[in-house]
There are 2 protein chains.
Amino acid sequence: MAKVSMREVADRAGVSVGTVSHVVNGSSKVAEATAAKVNAAIEELGFVRNAAARQLRSGHSSSLGLVVLDTSNPFFASVAHGARQACDEAGLALLIGDSGTDEQREGKYLDLFAEQRVNGLLVTPTGSDLSRLESIAARGTPVMLVDRDSNGYALSSVTVDNIAGGRMALDHIIAGGCRRPAFIGGPQSLPQVADRLAGATERALEAGLELPVHSTPELTILAGRDAGEKVVGLPADQRPDAVFCANDLLAVGFMQAVIMFSDLSIPDDIAILGYDDIDYAFSTIVPMTSVRQPAALLGRTAVETLLQENASASDAHHDRRFTPELVVRGSTRPV
Amino acid sequence: MAKVSMREVADRAGVSVGTVSHVVNGSSKVAEATAAKVNAAIEELGFVRNAAARQLRSGHSSSLGLVVLDTSNPFFASVAHGARQACDEAGLALLIGDSGTDEQREGKYLDLFAEQRVNGLLVTPTGSDLSRLESIAARGTPVMLVDRDSNGYALSSVTVDNIAGGRMALDHIIAGGCRRPAFIGGPQSLPQVADRLAGATERALEAGLELPVHSTPELTILAGRDAGEKVVGLPADQRPDAVFCANDLLAVGFMQAVIMFSDLSIPDDIAILGYDDIDYAFSTIVPMTSVRQPAALLGRTAVETLLQENASASDAHHDRRFTPELVVRGSTRPV
DNA sequence: CAACATGATTGAAACGTTTCAATCAGATGT
DNA sequence: ACATCTGATTGAAACGTTTCAATCATGTTG
């Protein structure tokens, strides 16, 4: 039975509940002798303070809520990991919700977190309408968008520049001497995918090149393999000499198809470039060149920025944007 | 400001707080007209009930705590995923802690969860001394060990039979006609690794074979690659014709080494068998044969069993053990 | 020795729900 | 018209803390 309250500790130690509270929280000077007695009583009775009562009285919860699109995606797993670390350091609990890109599930988690009176909300929203989040923020719960622009809405955000990432990828491909790049990825309804493509296209045009798109239904290894199978089947004069994949899973699948279904050499006949730099990316047969997103840092920064804004009491919104970083390995031609 | 309470809703609707509570929870018949008035008031004022007060009064929290060794390990990620789904279905919140195999961090999460008065605890303990968990269970919070035997302790557990898994692996290797198997894995301080090896050794001996062990410091792709590099460097008459790797990450690394540093064909010259059957396992160049652990099911079952035990009020402990399943793909010789 | 500062301790009021016995207003049966 | 019953509503206590003004000892100062 975890039914021992401060009342009983107080009785046992021959002292008042107020005093017990003070020694538990160090909120006020307590004589050493009394503190010892109280601690002894706590030990004997196995007292653990009740978070609910504590929070009810003090009005806030010392916890943060995080809602991501898919926890089994390595990128979001890293984001969550970084966020959790930051929370641990700040002595906060982190509640994690997985929306599975379902707006309804996202809503359920927002409700749940609202009832918990979380100190703040970190969200990668599924839909494009952020008005609910905006009104939550307006009602006093700080909201931080993660990997999603606040554009227009009165919300703070922490993102990685996908347009720059796209440019970076094509930059490298072009510098390696490739003249027939292609983009593999989809669906384009994902802002992340669309932006990477936009940046890449922009850079290609500057070099006087086209950037044909091979659409995929999702961002998985299998989808990448399918795309790869099609691409290597193209006649040599239509086949790209470099592909930029919207994420690493696609790139891994694409690479497999190239190896299984063709004799093309990587990177000489065809260069492959991924995005995210997930842990498995460097462990492909031909180590993968990739645009690294600082996923864990994203999560950590989201938490830290939110806490800062919370503390500063000014309700200004910040948009923190990271720049991705190209990690060159063997799957693309050296410059 | 989320500072609107039932009191204000009640005033607004011209009704008592009790009634508001009833309509919010459906705990008692309320006339349709009154309910409508109350709901209108709730809507207008933007009332969200306060979980802390609710829990304080009702005494329990409708949440579960999960502490795993490492959330970035795909196996535990799946376990967590399964657990979360089961919790969602039961209307429970799932708090996740990541101990990072650090006993102190594990303890911190146990403290935190105790303060939250979670309805139950799912733990993959780091150390071998489970007495703390035992006393938590004795104090009334149901505890479920995940992927860890309860042996001796008065605790429930949900596990996958690692000894059977080890036997299964060797069974398949032997049936494929291999006569010189080897085990790749470590550290042996992990019960999971030790048990897999034990089962495999047992089966090998039955077939009159030895099972040499190539120890690895950890269960990662890189460690597997290092091991593979050494193994393919052995003279042909000492080289194994089949390796059983303690998990898939090792197996993936091992396969890479074989392909990069030798001309051996997989599976004819050397068969490779992994463990876990993580999502990335089937997407290796030569698709990986692996011993599948029902990770998500493990998490789900842990939650469900815990809830059942909770409901049944009898404090009997159950040990639920799953049997793993061999998934045969191209990296081993067909039978 | 009185007055006072200092530090430790106490008591009681809140926090926002749930819950349950008690009340109330109608409807039903006699 | 009276008693009875039913279903809807209410009021107030309780949950376990925190917090703050008030009290209580002690030692210090004029």
Who are the salt bridge (Lys or Arg N to Asp or Glu O under 4.0 Å) partners of B:Arg57, not counting sequence neighbours?
none

Which comes earlier along DNA chain D counting from the 5' end, the contact point of A:Asn25 or that of B:Val15, where each point is its nearest nucleotide?
B:Val15

Considering heavy-atom distances to DNA chain C, does B:Ser27 or B:Ala53 have its closest nucleotide positioned more toward the 5' end?
B:Ala53

Under the salt bridge (Lys or Arg N to Asp or Glu O under 4.0 Å) rule, collect the residues that match up with A:Glu218, sequence neighbours excluded.
none

Under 4.0 Å, counting only non-hydrogen atoms across every strand here, what does A:Ser21 touch: a base, just sugar-phosphate, or nothing?
base

Within the structure shown, what part of the strands sits under 4.0 Å from B:Ser28 by heavy-atom distance: base, sugar-phosphate, or nothing?
base

Can you list everything that forms a side chain to side chain donor-acceptor pair (under 3.5 Å) with B:Asp276? Sequence neighbours excluded, please.
B:Gln293

B:Glu309 and B:Ser156: side chain donor to acceptor below 3.5 Å
yes

Which residues satisfy the side-chain contact (heavy atoms from CB on, under 4.5 Å) test with A:Asp88, sequence neighbours excluded?
A:Arg84, B:Arg105, B:Tyr109

At what distance, to the nearest 0.5 angstrom, does CD1 of A:Ile42 lie from CZ of A:Arg12?
12.0 Å

With distance as the sole test, does B:Thr124 use its side chain to make a donor-acceptor pair with the main-chain N or O of B:Val146 at under 3.5 Å?
yes

For B:Arg49, report the nucleic acid contact type (base, sugar-phosphate, nothing); a contact means any heavy atom under 4.0 Å.
sugar-phosphate

Say whether B:Ser150 and B:Asp319, considering side chains only, have a donor N or O and an acceptor N or O under 3.5 Å apart.
yes

When you match B:Asn50 and B:His22 each to their closest nucleotide on DNA chain C, which lands nearer the 5' end?
B:Asn50

Name the nucleic acid region contacted by A:Thr19, choosing base, sugar-phosphate or nothing; use a 4.0 angstrom heavy-atom cut-off, strictly under.
base

Nt span of DNA chain C in reach of chain B heavy atoms at under 4.0 Å, 5' end first, is C:dG16 to C:dC20

In short, the helix from C:dC1-D:dG30 to C:dT30-D:dA1 is bent end to end, axes from five pairs each side, to 10°, by 50°

